[in-house]
Engineer: 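Attaching a single structure in structure tokens format; questions to follow.
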Amino acid sequence: MLQPVSSFNRIGEENAFAVLARATTLMQEGLDVINLGIGQPDFPTPEHIVEAAIKALKDGHHGYTPATGILPLREAVAKDLNDRYNTTVHPDRVMIMPGGKVTMYAAIILFGEPGVEILYPDPGFPIYRSMIEFTGAKPVPVPIKEENNFAFSAEETLSLINDKTRLLIINSPANPCGGVTPKEEIDKLIKGLENFPNVAILSDEIYDRIIYDNEKHISLLAYPAYPEIQDRLILLNGWSKTYAMTGWRMGYSVWPEVLYDKVRKLAVNCWSCVNATSQYAALAALQGPQDAVDKMVKAFDRRRKKVTEKLNAIDTVSCIAPKGAFYAFPNIQKTGWKAKQLATDLLEKKGVALISGPDFGLYGEGYIRISYANSLENIERAIIRIEEFLND
Ligand code: PLP
């Protein structure tokens with residue numbers, strides 16, 4: 001009998017992939033499925049990025065690169081962050097990763113073990129909790145509430161920290177709720193964290209460029225007055241969402257000096273380096289024109305407004321306007337449905353793929369997540385189907 005280690009019994013999943021697989025099967029069987037489930041831009045990667053990848057292949061970039069990533073790319077990441085956030089990130093602290101998720105993995109296994117606590121947002125990206133449980137650490141949810149516009153509450157977050165807390169995960173703009181934590185709240189959090197010098201912070205800022213209403217993203221990197229916090233901050237970001245590059249598997253992170261070499265060794269042990277071609281494509285993304293990003297965000301903005309308006313027109317549904325990312329998180333409590341059953345029936349009976357709130361944590365009951373990375377027309381068609389189903 002094979003006996004894998006017991007930690008694998010605790011590893012979870014991302015239900016968005018299961019919904020995608022089921023939606024694909026139903027489509028193959030002839031059902032007209034509208035997919036508002038998966039969290040990826042429905043735009044192609046901009047042409048100049050694709051061209052840069054082809055050129056990299058033709059130029060012979062076929063071998064291993066340094067485990068930390070090619071220097072020009074690390075320099076470009078540092079420059080991009082410094083230009084946008086007026087910070088002083090050094091390329092030697094930038095690690096190129098095979099996707100955004102891998103930074104989560106690295107940060108959580110660096111701090112998680114039995115006896116320690118890790119704070120994470122709930123509802124939140126499901127992999128946080130899954131990886132925390134995998135390490136044997138205790139996952140401590142930080143409730144993300146609608147009454148708070150789905151932003152973090154600094155006070156509540158700080159109140160959950162104790163002697164066992166080793167890592168705090170925050171995410172803004174956020175998946176699945178579309179919340180953006182306002183500057184005042186982040187200021188308070190940063191100030192409060194000064195009292196907990198042993199707590200590392202993982203700030204997942206993968207949606208930093210997808211933000212609306214002329215709001216400016218507040219990065220945790222942009223607090224030079226708190227150098228001590230910068231020494232325990234891990235910043236997660238990447239190309240997947242900003243440049244419509246989910247399949248290229250390109251992410252990056254900024255690490256405190258004391259952790260950098262540990263992550264480099266993890267890379268050497270696990271993935272050696274990130275795909276060389278993708279690294280050149282990512283370089284072109286950062287150095288080339290940014291108009292494709294602006295266009296995409298404008299399109300998401302139009303869809304965001306449509307989704308909010310149409311959902312609010314359904315009697316039993318209410319939806320606050322998301323402030324970032326490309327997800328709406330409507331409240332379905334008045335429908336009388338449990339979220340998971342509703343999501344299943346909408347897919348099976350109406351061909352609308354979306355994700356139930358509880359797939360993002362216990363506090364997600366009473367909500368569903370709609371990814372509006374789909375055409376305006378499909379969004380309208382899907383919401384008509386949802387309304388028909390609820391009125392049936
Ligand atoms: N962080 C958040 C909050 C996400 O929503 C996602 C993807 O959906 C990721 C990280 C992972 O991104 P990647 O596809 O680059 O691994």
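Numbering starts at 1 and runs along the sequence shown. Note that ligands are numbered from 1 as they come in the structure, with each ligand's atoms numbered from 1 the same way. Just so you know, these numbers come straight off a predicted model, no measurement behind them.
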Engineer: Please report whether ligand 1 has a polar contact with G100, defined as an N or O pair separated by less than 3.5 Å (distance criterion only).
Structural biologist: yes

Engineer: Using only atom types and a distance under 3.5 Å, with no angle test, would you say the side chain of E185 pairs donor to acceptor with the backbone of A154?
Structural biologist: yes

Engineer: Just need the protein heavy atom nearest to atom 16 (O) of ligand 1, so name the residue and atom and give the distance.
Structural biologist: R249 NH2, 2.7 Å

Engineer: How long is the span from the CG atom in L233 to the CG atom in L168, to the nearest 0.5 Å?
Structural biologist: 10.5 Å

Engineer: Can M250 be said to touch ligand 1, with heavy atoms closer than 4.0 Å?
Structural biologist: no

Engineer: How close does the nearest protein non-hydrogen atom get to atom 11 (C) of ligand 1, and which residue and atom is it?
Structural biologist: K101 N, 3.8 Å

Engineer: Considering distance alone, does some N or O of S240 sit under 3.5 Å from an N or O of ligand 1?
Structural biologist: yes

Engineer: Among all the protein's non-hydrogen atoms, which is closest to atom 10 (C) of ligand 1, and how far away is it?
Structural biologist: M104 CE, 3.4 Å

Engineer: Report yes or no: do D122 and Y128 form a side-chain donor-acceptor pair below 3.5 Å?
Structural biologist: no

Engineer: Measure V102 to ligand 1 on non-hydrogen atoms and call it side chain, backbone, both or neither using the 4.0 Å cut-off.
Structural biologist: neither

Engineer: How far is atom 8 (O) of ligand 1 from the closest protein heavy atom, and which atom is that?
Structural biologist: K241 NZ, 2.6 Å

Engineer: I'd like to know if D315 pairs up with K334 as an ion pair, taking the criterion as any Lys NZ or Arg NE/NH1/NH2 lying under 4.0 Å from an Asp or Glu carboxylate oxygen.
Structural biologist: no

Engineer: If every non-hydrogen atom of V140 is compared with every non-hydrogen atom of E117, which pair is closest and at what distance?
Structural biologist: CG2-OE1, 3.6 Å

Engineer: Measuring from atom CD1 of I355 to atom CZ of F329, what distance do you get when rounded to the nearest 0.5 angstrom?
Structural biologist: 11.0 Å

Engineer: Which is it for Q40 and ligand 1 at heavy atoms under 4.0 Å: side chain, backbone, both or neither?
Structural biologist: neither

Engineer: Could you establish whether Y207 and ligand 1 come within less than 4.0 Å of each other, counting only heavy atoms on the residue side?
Structural biologist: yes

Engineer: How far is atom 12 (O) of ligand 1 from the closest protein heavy atom, and which atom is that?
Structural biologist: I206 CD1, 3.5 Å

Engineer: Applying a strict 4.0 Å limit to heavy atoms, is D204 in contact with ligand 1?
Structural biologist: yes

Engineer: Calculate, to the nearest 0.5 Å, the distance between atoms CD1 and CG belonging to I96 and N275 respectively.
Structural biologist: 12.5 Å

Engineer: Please determine if D261 and R264 form a salt bridge, counting it only when a charged side-chain N lies under 4.0 Å from a carboxylate O.
Structural biologist: yes

Engineer: What I want to know is whether N171 and ligand 1 share at least one N or O pair that is separated by under 3.5 angstrom.
Structural biologist: no

Engineer: Charged N to carboxylate O below 4.0 Å: is that the case for K349 and D392?
Structural biologist: no

